[in-house]
**Q** 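This is the structure I have questions about; it appears just below.
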Amino acid sequence: MNRLTKQEIPKAPTKIKHYLTTALIVLLIGWSAYQTESSFIDFVEGFPNMFDLLVQMYPPSWSYFDDIVPAMLDTFRMAVIGTTMGALLAVPFALLCASNIAASNWIYYPFRFILNLIRTIPELLLAAIFVAIFGLGPLPGIFALAVFSMGIIAKLTYEAMESIDKGPLEAMTAVGANKIQWIVYSVVPQVSPYFVSFVLYTFEINIRVAAILGLVGAGGIGEYYDKTLGFLEYDKVSTIIIFTLMVVLLIDYISTKLREKLL
């Protein structure tokens with residue numbers, strides 16, 4: 001009996017895998033730090049400079065609010081229009097990228113490649129490209145946000161499409177529905193709450209992104225970041241940061257409440 005009991009006791013899992021994983025992570029961090037010339041000593045020596053900067057940012061220049069309100073409104077408008085355009089462009093891309101919608105891999109693989117290519121371009125580079133095409137102002141920022149939004153929303157949406165219930169799809173196929181009816185009555189009802197949630201999430205991101213596009217001349221509050229930082233007016237910089245934070249928190253709260261009702 002004792003012999004059987006001993007045989008039934010499983011062996012403890014080896015810890016070699018954990019040790020190797022830990023060693024690999026440490027080596028990767030060390031190699032990355034070496035290649036980027038990062039130094040913990042430099043960090044410790046430079047850390048007090050952060051407090052010097054905070055001292056220069058206090059107190060904020062509250063009178064500067066009147067100057068930046070129009071620019072913040074431009075930033076908000078840019079985010080609204082850019083997100084809307086991106087959401088509209090994302091719909092056909094998501095349909096063509098979903099493997100259960102576009103059944104042929106000759107269709108969804110090329111479109112996924114295009115989508116990944118779009119998503120690899122930083123938003124600041126997109127803004128700089130559109131500034132070179134359309135000139136300075138909010139218009140290049142809007143197009144940059146539209147492309148940026150399309151990449152995010154299309155990616156999240158087609159992944160949601162691939163995880164929907166197959167029952168309604170099979171039922172629509174059984175009754176002889178065409179492709180458009182198949183999408184409208186079986187795909188859209190299941191995906192639409194997630195799609196709206198993704199759009200709201202992207203809009204939150206775009207408020208933050210739009211705030212820095214002005215650094216390359218794409219309009220919005222970012223132009224004031226560029227001006228005040230260039231002249232070392234850190235009290236005005238802190239005012240812009242506080243104002244941007246207030247707007248972001250308000251939009252984040254409203255967006256969260258809307259997503260709670262949808263999902």
Side-chain angles (χ1 to χ4, degrees), residues 50 53-54 57-62 64-91 93-94 115 118-119 121-127 138 140-161 163 191-216 218-226 228-229 234-263:
M50 183 183 298
L53 180 61
L54 291 175
M57 295 176 69
Y58 182 83
S61 178
W62 301 115
Y64 198 55
F65 263 110
D66 295 336
D67 296 328
I68 60 178
V69 167
M72 181 58 74
L73 291 175
D74 283 343
T75 298
F76 180 80
R77 297 184 192 106
M78 288 165 56
V80 170
I81 300 173
T83 306
T84 303
M85 292 174 59
L88 295 175
L89 293 171
V91 173
F93 257 92
L115 190 60
I118 291 172
R119 290 171 56 244
I121 304 176
E123 58 273 10
L124 277 176
L125 179 57
L126 285 172
I142 290 172
F143 283 117
L145 291 176
V147 176
F148 175 72
S149 302
M150 189 267 287
I152 296 177
I153 297 171
K155 169 71 173 177
L156 296 174
T157 303
Y158 91 72
E159 289 179 348
M161 287 179 177
S163 63
V191 175
S192 55
Y194 297 98
F195 177 77
V196 175
S197 177
F198 299 150
V199 172
L200 292 173
Y201 171 70
T202 306
F203 177 67
E204 295 175 25
I205 297 175
N206 281 343
I207 290 292
R208 299 173 177 87
V209 173
I212 62 171
L213 293 185
L215 295 175
V216 293
I221 197 69
E223 293 183 355
Y224 287 84
Y225 275 115
D226 190 26
T228 52
L229 287 171
Y234 295 117
D235 56 337
K236 294 181 179 179
V237 173
S238 63
T239 304
I240 300 173
I241 293 173
I242 293 171
F243 192 16
T244 305
L245 177 62
M246 291 167 56
V247 173
V248 168
L249 289 177
L250 178 61
I251 293 173
D252 180 71
Y253 175 78
I254 296 172
S255 178
T256 301
K257 291 300 180 182
L258 290 174
R259 287 202 300 269
E260 288 176 355
K261 292 182 179 180
L262 292 170
L263 298 178

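Position 1 is the first residue of the sequence; numbering continues from there. Both backbone and side-chain heavy atoms feed into the values below; hydrogens, waters and symmetry mates do not.
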**Q** Ignoring hydrogens and geometry, is there a side-chain-to-backbone donor-acceptor pair from Ser163 to Ala160 under 3.5 Å?
**A** yes

**Q** OH of Tyr194 to CD of Glu159: how many Å apart, nearest 0.5 Å?
**A** 13.5 Å

**Q** Applying salt bridge (charged side-chain N to carboxylate O under 4.0 Å, His left out), name anything that partners Arg77, two or more places apart in sequence or on another chain.
**A** Asp74

**Q** Examine distances only and state if a side-chain atom of Thr75 and a backbone atom of Ile221 form a donor-acceptor pair shorter than 3.5 Å.
**A** yes

**Q** Between atom NZ of Lys236 and atom CD1 of Ile241, what is the distance when rounded to the nearest 0.5 Å?
**A** 14.5 Å

**Q** Could you check whether any side-chain heavy atom of Leu250 comes within less than 4.5 Å of a side-chain heavy atom of Met246, counting everything from C-beta outward?
**A** no

**Q** How far apart are the C-alpha atoms of Phe148 and Phe143, what are their side-chain angles, what is the distance that settles it, and do they pass the side chain to side chain contact (heavy atoms under 4.5 Å, CB included) test?
**A** CA-CA 8 Å; Phe148 175 72; Phe143 283 117; over 6 Å; no

**Q** Can you sort out the partners of Ser149 under side-chain hydrogen bond (donor to acceptor under 3.5 Å, both in side chains), two or more places apart, ordered by chain and number?
**A** Asn206

**Q** Evaluate the side-chain proximity of Leu115 to Tyr158: yes if any heavy-atom separation is below 4.5 Å, no if none is.
**A** yes

**Q** What closest approach, in Å, do Ala154 and Ala90 show between heavy atoms, and which atom pair accounts for it?
**A** N-CB, 3.6 Å

**Q** Does Val147 reach the side chain of Glu123, with side-chain heavy atoms less than 4.5 Å apart?
**A** no

**Q** Do Val247 and Phe243 touch side chain to side chain, with heavy atoms closer than 4.5 Å?
**A** yes

**Q** Apply side-chain hydrogen bond (donor to acceptor under 3.5 Å, both in side chains) to Thr244 and list each qualifying residue two or more places apart in sequence or on a separate chain.
**A** Tyr225

**Q** Can you tell me how far CE of Met78 sits from CD1 of Ile207, rounded to the nearest 0.5 angstrom?
**A** 9.5 Å

**Q** Using the side chain to side chain contact (heavy atoms under 4.5 Å, CB included) rule, take Phe93 and Thr157 through it: C-alpha gap first, then chi angles, then the decisive distance, then the call.
**A** CA-CA 9 Å; Phe93 257 92; Thr157 303; over 6 Å; no

**Q** Between Ile142 and Met85, is any pair of side-chain heavy atoms under 4.5 Å apart?
**A** yes

**Q** Does the pair Leu145 and Leu213 meet the rule for a side chain to side chain contact (heavy atoms under 4.5 Å, CB included), with working shown?
**A** CA-CA 9 Å; Leu145 291 176; Leu213 293 185; 3.9 Å; yes

**Q** Taking C-beta and beyond as the side chain, do Leu156 and Phe195 meet within less than 4.5 Å on heavy atoms?
**A** no

**Q** Please give me the minimum heavy-atom distance between Ala127 and Pro140, naming the atom from each residue.
**A** O-CB, 4.2 Å

**Q** Decide yes or no for Phe76 and Phe203: does some side-chain heavy atom of the first lie under 4.5 Å from some side-chain heavy atom of the second?
**A** yes

**Q** Between Val80 and Thr84, which heavy-atom pair has the shortest distance, and what is it?
**A** O-OG1, 2.7 Å

**Q** How long is the straight-line distance from OG1 of Thr202 back to CD1 of Ile153, given to the nearest 0.5 Å?
**A** 4.0 Å

